[in-house]
Amino acid sequence: TQLLEQSPQFLSIQEGENLTVYCNSSSVFSSLQWYRQEPGEGPVLLVTVVTGGEVKKLKRLTFQFGDARKDSSLHITAAQPGDTGLYLCAGAGFGNEKLTFGTGTRLTIIP
Amino acid sequence: DAGVIQSPRHEVTEMGQEVTLRCKPISGHNSLFWYRQTMMRGLELLIYFNNNVPIDDSGMPEDRFSAKMPNASFSTLKIQPSEPRDSAVYFCASRDSRHEQFFGPGTRLTVL
């Protein structure tokens, strides 16, 4: 069974601060996705990383896939209240279409 | 496109009743996934379909759960009989050719 552990589980910081969320596993994934989920809605895809060591930027968000494709990080610069939500990483296996979702990080940005 | 459509958005029922959740995927998407989300267990895959055919139902909790996809534009997830521990938010997602999953708004199920 592939498990994805996210840390921290909860994070509450002031607007303007920087933060990093981690997604770790002992399994290797063919690709890894990050989603953000807001209350009462389904998860929304933010990014997909495929290559070991790959870095992708989405405005103030920077995503990195570990060299061994077992872990990933999400860094937010100058956090805004609109960044508040549940952040989920999800790993895709090889040769199948299933995603294994991480345990989630609930982020709150205080104005 | 309206995105993935799920109904009902909320369902409250009593233990032992049959519950049917419905999903309309995004037109042109060939894969459909049913997930369940709870605080304790997070987001879990229950079953997924490719071209209307069930591919992997290993996440379905037990025989009380069943899912069908009679055509490319409709799927159901049925629980019969329902139990309080089935209370959760159930999501349907469809996937495009780039392997990106798009989630519906979910159905919040409460079994009393």
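Chain identifiers are assigned alphabetically (A, B, ...) following the order of the sequence lines, protein sequences preceding nucleic acid strands; residue numbering begins at 1 within each chain.
For B:E62, the CD atom sits in a packed shell: over 12 heavy atoms of surrounding residues, nucleotides or ligands are nearer than 6.0 Å. Within 6.0 Å of the NZ atom in A:K56, the count of heavy atoms belonging to other residues, nucleotides or ligands exceeds 12.
Interface remark: B:M40 contributes no atoms to any contact with chain A (heavy atom separation under 4.5 Å). Heavy-atom distances place no part of B:R108 under 4.5 Å from chain A, backbone and side chain included. Residue contact with chain A, scored on non-hydrogen atoms closer than 4.5 Å, involves the side chain of B:L45 exclusively. For A:E41, the part lying near chain B is the backbone, with the side chain staying farther off; criterion is any non-hydrogen pair under 4.5 Å. Of the atoms belonging to B:Q37, it is side-chain heavy atoms, and not backbone ones, that fall under 4.5 Å from chain A. For B:R41, no part lies under 4.5 angstrom from a heavy atom of chain A. Neither the backbone nor the side chain of B:T107 comes within contact range of chain A, judged by heavy atoms closer than 4.5 Å.
The residue among A:L88, A:L99, A:T103, A:V44 with the most heavy atom pairs within less than 4.5 Å of chain B is A:L99. Contact count against chain A (heavy-atom pairs under 4.5 Å) is highest for B:Y35 among B:Y35, B:F102, B:F33.
Atom CG in A:L61 sits 9.5 Å away from atom NE2 in A:H75 (nearest 0.5 Å). B:Y90 contributes atom OH, which lies 15.5 Å from atom CZ of B:R22 (distance to the nearest 0.5 angstrom).
Contact annotation: the side chain of B:P61 approaches that of B:L46 to within less than 4.5 Å [non-hydrogen atoms, C-beta and beyond]. Considering only heavy atoms from C-beta on, A:L19 comes within 4.5 Å of A:I109 through its side chain. With contacts defined as side-chain heavy-atom distances shorter than 4.5 Å, the pair A:Y87/A:I76 qualifies.
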